[in-house]
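Within every chain, numbering begins at 1; the chains are lettered A, B, ... in the order of the sequence lines, protein sequences first and strands thereafter.
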Amino acid sequence: MSGGDHKVSKITSEAIFAVRPISSTRFLISLVFCLSLLLIDIRFNLSNEIRGYAHDVLLPLYKIVEVPSQFINKASEIRQSNQQLKKDLLSYKEDNEKLKLINSQLKDLTKRNQELNLIWNSAQIDKEAYLLGQKMNLSSNPLKPALILDVNDPDSILEINQPVLSKEGIIGKVKSVGLRSVEVMISQDPQSLIPVISSTTRLHGILKGYGLQRKGQLINVKKTAAFKEGEDLYSSGLGKVFPPNYLVGKVVLIEDKPDNEFLNIDVEFIDLPEEQDYFLVFTK
Amino acid sequence: MNKDLKNYLLISLSLIFFILLDLISFSQTADQIKPSSFLLGFIYWNIALPEKMNLYFAFTFGLLMDFMQGTVLGVYPLILILISYLSQRFFYQFRTFKFVQQALIIFLIFLIFKFFIALDINNADPNSFSLADKNYALLSLIFALLNSLVWVPLFYVLRIYRRKWINT
């Protein structure tokens, strides 16, 4: 038998032009290798060290994918008439004035709230505490949602476990850091746990994710706890990973099941804004 | 350029193109059911040119997918190696099947694939072996169905590409 491109018949010595499939030995070795890789990664979280750098390498691919949508956006922008733009400008000006007024009221409110030590500590006003990250990719696997951000800031101090915020509130934390890319574990991830406090009853709990577009749950809540349906949940700051007083979700269902020793509390996370391209990484 | 190297490059190029295609994002639900052209393309090359597709392909592209999808390192290489082995082991039989039969097998492969990646490898939920729920199962069925429907047109497109550019 020849070890070349084809087999040779033992009887007639003629070539058998059959394609050899992958040999079983090679297949088994590869299988064992992959399983070992898998086990090592589960045990030591090895990939978190390199994922960020891998995304740095993959950044051009993410950018290429953005090209068609950017082109479509540009084309639709051009199509908009000048008149429409003027109209928009006028309405934006009006909105801006309104926002200025609201903002001044909010400033006043914030001051008062700070005095009461209820919400918003001074860190939130510190602009340097935030880094802007541009969305590059969101994995399509709902049970392992990973958001890739491009944080192109040479002075940035990016670290694992830094919270990531959208305009509404907390959406996750940094899982892996590269030179300019970060991979974010979204709050809906089944491995994500966020310490929270309820807005009206001021009760503490731990919010666990169950995947994208799925409700989260407050875990290990005693049956005597008096959570209310409809109340908002804010980060409590316990565990010192997430800063306190950021919106995380809303209690939508409370069930007291007889076969469960804890309360079953379903929570709707704040939406992961699909159209939002920029997120904030909280660095302090 | 060396003929083999050229062929490898052309196959890789087509797979990278499919990865880019898969990366295009729509709504969250659409992303879950949109066909995986990369996996379909990978299966096609394993069936059409098994002698050109070795395990290095499966491993390299698998790692790439792991990084992109955020899965535990080794999950996609494992899936691609399994697909590669099965495709190459049974490609003689598969090639002679009618398209309906081929689509049915693609349907099963993608359904198994979806449930495999839903396994709770990290033990995020100690009470369950899998993270899949009813909604996930339903979307997986639609995903598998769409992939089996896309298989036939993709097969023809890749066949044209192969006959035009790849000299074996």
Side-chain angles (χ1 to χ4, degrees), chain A residues 5 18-22 24 26-27 29-31 33-42 45-47 50-51 54-55 57-58 61-62 64-66 68-69 135 137-148 175-176 183-186 189-192 208-214 272 274, chain B residues 16 19-34 36 49-51 53-55 58-59 62-64 66-82 84-85 87-92 117-125 130-133 135-136 139:
Chain A
D5 290 336
V19 179
R20 287 185 303 182
I22 299 166
S24 303
R26 271 191 192 176
F27 168 67
I29 291 169
S30 323
L31 217 61
F33 184 72
C34 285
L35 283 171
S36 324
L37 195 68
L38 210 107
L39 290 173
I40 289 168
D41 196 25
I42 293 167
N45 280 330
L46 178 87
S47 65
I50 51 171
R51 274 179 195 276
H55 292 304
V57 177
L58 295 171
L61 286 186
Y62 299 140
I64 291 170
V65 173
E66 292 290 307
S69 67
K135 183 171 108 177
N137 182 39
L138 174 66
S139 71
S140 56
N141 182 0
L143 302 175
K144 199 77 193 158
L147 176 71
I148 318 299
K175 186 182 164 191
S176 178
E183 187 175 317
V184 180
M185 182 201 272
I186 295 171
D189 191 300
Q191 281 188 289
S192 159
K208 185 184 183 323
Y210 283 91
L212 268 187
Q213 292 183 313
R214 285 160 179 78
L272 187 68
E274 284 169 29
Chain B
I16 289 170
I19 287 176
L20 289 177
L21 210 62
D22 289 346
L23 276 178
I24 295 173
S25 183
F26 304 97
S27 69
Q28 281 171 11
T29 312
D31 280 350
Q32 289 178 49
I33 58 170
K34 72 180 178 197
S36 171
L49 297 172
E51 73 279 11
M53 295 296 286
N54 49 42
L55 290 172
F59 192 74
L63 280 182
L64 202 70
D66 270 342
F67 288 126
M68 284 178 171
Q69 294 294 322
T71 43
V72 178
L73 225 55
V75 170
Y76 269 91
L78 194 72
I79 291 168
L80 293 188
I81 283 168
L82 274 168
S84 209
Y85 181 73
S87 306
Q88 296 197 21
R89 180 75 185 75
F90 298 106
F91 76 98
Y92 282 123
I117 57 168
L119 288 179
D120 188 10
I121 297 171
N122 283 314
N123 200 24
D125 187 358
S130 169
L131 295 167
D133 52 14
N135 185 32
Y136 184 86
L139 290 176

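- Among residues two or more places apart in sequence or in another chain, the salt bridge (charged side-chain N to carboxylate O under 4.0 Å, His left out) test is passed with B:Lys34 by B:Asp31.
- Among A:Leu38, A:Asn141, A:Leu37, the one residue that satisfies the side chain to side chain contact (heavy atoms under 4.5 Å, CB included) test with B:Val75 is A:Leu38.
- Chain B forms more heavy-atom pairs under 4.5 Å with one residue of A:Leu39, A:Leu31, A:Asp189 than with any other, namely A:Leu31.
- To the nearest 0.5 Å, the span separating CG on A:Leu58 from CG on B:Leu64 amounts to 5.5 Å.
- Highest contact tally toward chain B, considering only A:Ala54, A:Ser24, A:Pro142, A:Ser47, is held by A:Pro142 [criterion: heavy-atom pairs under 4.5 Å].
- Contact annotation for B:Leu21: neither backbone nor side-chain heavy atoms come within less than 4.5 Å of a heavy atom of chain A.
- Note: A:Lys144 NZ to B:Asn122 CG = 4.5 Å, rounded to the nearest 0.5 Å.
- With rounding to the nearest 0.5 Å, the separation of CZ in A:Phe27 from CD1 in B:Ile81 is 8.0 Å.
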message: Working note: A:Leu61 + B:Ile16, criterion side chain to side chain contact (heavy atoms under 4.5 Å, CB included); need CA distance, chi angles, decisive distance, verdict.
response: CA-CA 9 Å; A:Leu61 286 186; B:Ile16 289 170; 4.3 Å; yes

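- With sequence neighbours excluded, the residues satisfying side-chain hydrogen bond (donor to acceptor under 3.5 Å, both in side chains) with B:Ser84 are B:Asn46.
- Note that CZ of B:Phe67 and CG of A:Asn137 are 14.0 Å apart. Values are rounded to the nearest 0.5 Å.
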- prompt: Given B:Gln69 and A:Ser140, is the side chain to side chain contact (heavy atoms under 4.5 Å, CB included) satisfied, shown in steps?
  reply: CA-CA 7 Å; B:Gln69 294 294 322; A:Ser140 56; 3.4 Å; yes

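- Looking at B:Phe26, only its backbone comes within 4.5 Å of chain A, counting heavy atoms on both sides.
- Rounding to the nearest 0.5 angstrom, the gap separating the OG1 atom in B:Thr71 from the CG atom in A:Asp41 is 9.0 Å.
- Panel note: side chain A:Lys208, backbone B:Ala124; a donor-acceptor pair is recorded below 3.5 Å.
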- prompt: Do A:Ile29 and B:Leu55 pass the side chain to side chain contact (heavy atoms under 4.5 Å, CB included) test, and can you show the C-alpha distance, the side-chain angles, and the key distance before you say yes or no?
  reply: CA-CA 11 Å; A:Ile29 291 169; B:Leu55 290 172; over 6 Å; no

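- Contacts between B:Ser87 and chain A at a heavy-atom distance below 4.5 Å are absent for every atom of the residue.
- Between atom CG of residue B:Leu63 and atom SG of residue A:Cys34 there is a gap of 8.0 Å, rounded to the nearest 0.5 Å.
- Counting heavy-atom pairs closer than 4.5 Å to chain B, the top residue among A:Arg214, A:Arg51, A:Gln191 is A:Arg51.
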